[in-house]
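One structure is given here, and the rest of the page talks about it.
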2 protein chains.
Amino acid sequence: MLGDMSGDLTIGQVAGRTGLSVHTLRFYEREGILADPVRREPGGRRVYGEHHVEWLNLCVLLRASGMPLPAIREYTELVRRGGHTAAERLALLRAHRDRVRERMARLDECMDLIEFKIRVYEDHLEQGPPEGEHLCGAPAEEPAAHPAAS
Amino acid sequence: MLGDMSGDLTIGQVAGRTGLSVHTLRFYEREGILADPVRREPGGRRVYGEHHVEWLNLCVLLRASGMPLPAIREYTELVRRGGHTAAERLALLRAHRDRVRERMARLDECMDLIEFKIRVYEDHLEQGPPEGEHLCGAPAEEPAAHPAAS
DNA sequence: CTAGGAGTTCGAGTCGGCTCTAGCTCAAGT
DNA sequence: ACTTGAGCTAGAGCCGACTCGAACTCCTAG
């Protein structure tokens with residue numbers, strides 16, 4: 001086993017704790033996604049600490065919410081440059097929040113139509129597949145003629 | 001002007017009405033994303049009808065809700081094969097709906113943390129940037145030590 | 001002593017989804 | 001007659017975000 005000295009972690013352990021692959025961890029590091037540098041043990045292996053894991057989990061969350069890597073890098077750089085960049089970080093986060101909100105709103109709209117179509121199919125299937133001529137194509141093949149389908 | 005015969009549309013008009021580019025329209029056609037084939041006028045130009053526009057708008061919506069092109073193609077093929085595939089279409093839509101729901105739930109979680117971080121930065125900025133030692137890095141540089149931060 | 005497993009670098013490859021280029025044909029307007 | 005603009009095809013290129021391969025170095029256990 002690796003020396004379980006203080007809170008040090010190998011890349012594999014960090015992969016385990018973040019859900020990222022070791023490939024991706026090295027990739028993120030090259031991309032400048034780590035706010036403070038990874039130490040190396042003599043021999044060149046990366047040595048991570050808990051703070052790296054926390055930071056990476058934040059990055060995972062930002063990615064999951066759709067923030068592109070360049071934006072994450074930008075944020076990372078602000079953090080690296082110290083506390084006087086707080087206003088810029090706030091602006092970045094707010095911009096991201098707004099974009100996420102928009103995407104969520106859009107998703108809600110999509111859900112409305114998807115659920116509408118599902119309901120139409122359900123009705124059609126459960127109470128009458130009487131192979132009549134009026135369902136040659138589908139019960140509602142293109143029922144975009146629906147509220148909120150611009 | 002193009003002969004404004006019945007409801008016929010050029011590719012450019014369809015692009016206008018769907019928000020897709022003409023490139024993307026041809027691409028989608030190659031990808032088998034059109035339930036029924038596009039006619040051609042003598043000379044080879046595509047002739048679309050309103051039903052194409054409706055179908056494409058549905059596709060746009062499915063894309064916007066994260067459905068990958070292969071799944072859309074699959075759905076398209078079911079529609080093409082006729083009304084007896086309704087059950088399969090329903091299954092496909094339900095699966096998609098479930099995935100969208102999951103993504104929305106995940107987004108909600110992300111929003112919680114993003115908004116938490118924003119609040120922390122706001123508080124820090126508005127009521128005291130007194131350059132003390134305790135904000136050397138940030139008010140909450142990695143405050144993933146937060147409810148719902150697994 | 002040697003085999004295994006985990007680590008390293010660098011660069012190439014993959015995948016999804018477009019996006020664009022080159023070289024061509026039409027049809028209409030001036 | 002000629003230019004302009006929209007369309008056509010086939011195929012290449014691009015971008016984002018990984019993902020993998022080759023070739024090598026360690027360390028540890030058997």
Side-chain angles (χ1 to χ4, degrees), chain A residues 1-5 8-34 37-49 52 56 58-76 96 99 103, chain B residues 1-5 8-34 37-49 52-53 56 58-76 96 99 103 106:
Chain A
M1 262 297 157
L2 206 281
D4 16 283
M5 178 194 166
D8 289 356
L9 298 162
T10 67
I11 197 171
Q13 290 169 321
V14 174
R17 284 188 215 286
T18 58
L20 298 168
S21 73
V22 295
H23 298 298
T24 304
L25 285 171
R26 293 192 278 248
F27 170 67
Y28 277 12
E29 188 179 338
R30 280 201 299 280
E31 292 292 295
I33 285 321
L34 287 179
V38 188
R39 290 183 297 115
R40 302 300 184 107
E41 58 178 12
R45 299 184 171 199
R46 288 167 177 83
V47 179
Y48 297 83
H52 288 115
L56 284 164
L58 171 61
C59 292
V60 166
L61 188 145
L62 292 175
R63 283 291 302 121
S65 60
M67 186 182 282
L69 288 186
I72 298 184
R73 173 166 46 232
E74 212 176 317
Y75 185 72
T76 306
H96 181 56
R99 264 175 284 116
R103 300 206 314 115
Chain B
M1 258 301 156
L2 206 282
D4 15 280
M5 176 195 170
D8 288 357
L9 297 162
T10 68
I11 196 171
Q13 291 169 322
V14 174
R17 284 187 214 286
T18 58
L20 298 167
S21 73
V22 294
H23 298 298
T24 303
L25 285 172
R26 292 192 279 246
F27 171 67
Y28 278 11
E29 188 179 338
R30 279 202 299 281
E31 291 294 295
I33 284 323
L34 288 179
V38 188
R39 289 184 298 113
R40 303 299 184 107
E41 57 179 11
R45 302 187 168 197
R46 288 167 178 83
V47 180
Y48 297 83
H52 288 115
V53 173
L56 284 163
L58 171 61
C59 291
V60 165
L61 188 144
L62 292 175
R63 282 291 302 122
S65 60
M67 187 182 282
L69 288 186
I72 298 183
R73 173 167 43 232
E74 213 176 316
Y75 185 72
T76 306
H96 181 55
R99 265 175 283 114
R103 300 206 314 115
R106 188 84 182 90

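Letters go in sequence order (proteins before strands), and every chain restarts at 1.
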Interatomic distance where CZ belongs to B:Arg30 and C1' belongs to C:dG17 [whole Å]: 12 Å
Minimum side-chain heavy-atom gap A:Thr10-A:Arg45 below 4.5 Å: no
Given B:Arg40, B:Arg73, B:Arg39, the one that forms salt bridge (charged side-chain N to carboxylate O under 4.0 Å, His left out) with B:Glu29: B:Arg40
B:Tyr28 vs A:Val22, nearer the 5' end of DNA chain C by closest nucleotide: A:Val22
Donor-acceptor pair (no angle test) under 3.5 Å: A:Arg63 side chain, D:dA17 base: no
Pair A:Arg63 + A:Glu31: basic N to acidic O under 4.0 Å: no
base_contact_polar (D:dC8 base, B:Arg46 side chain, donor-acceptor, <3.5 Å): no
Atom pair distance, as rounded to whole Å: CD in B:Glu29 and P in C:dG17: 18 Å
Atom-to-atom span, CG of A:Leu69 to P of D:dC15 - whole angstrom: 15 Å
Rounded distance (Å) that lies between atom P of D:dC15 and atom CD of A:Glu31: 14 Å
Separation of C:dG11 C1' from A:Phe27 CZ (nearest whole Å): 14 Å
Passing option when B:Tyr28 is tested against B:Leu56, B:Ile72, B:Thr76 for side chain to side chain contact (heavy atoms under 4.5 Å, CB included): B:Leu56
Atom-to-atom span, CG of A:Leu20 to C1' of D:dC18 - whole angstrom: 11 Å
Touch class at under 4.0 angstrom, heavy-atom based, for B:Arg26 against every strand present: base
Distance in angstrom units between B:Arg39 CZ and D:dG7 P, rounded: 16 Å
Sugar-phosphate, base or nothing in reach of A:Gly43, heavy atoms under 4.0 Å: nothing
Nearest-Å distance for atom pair CG/P, residues B:Leu25 and D:dC8: 10 Å
5'-most by nearest nucleotide on DNA chain C - B:His23 or B:Pro70: B:Pro70
N or O in side chain of B:Thr10 less than 4.0 angstrom from D:dA6 OP1/OP2: no
Nearest atoms (heavy-atom pairs only) where B:Val60 meets B:Thr18: CG2-O, 3.9 Å
Comparing A:Ser21 and B:Arg40 on DNA chain D - which has the more 5′ nearest nucleotide: B:Arg40
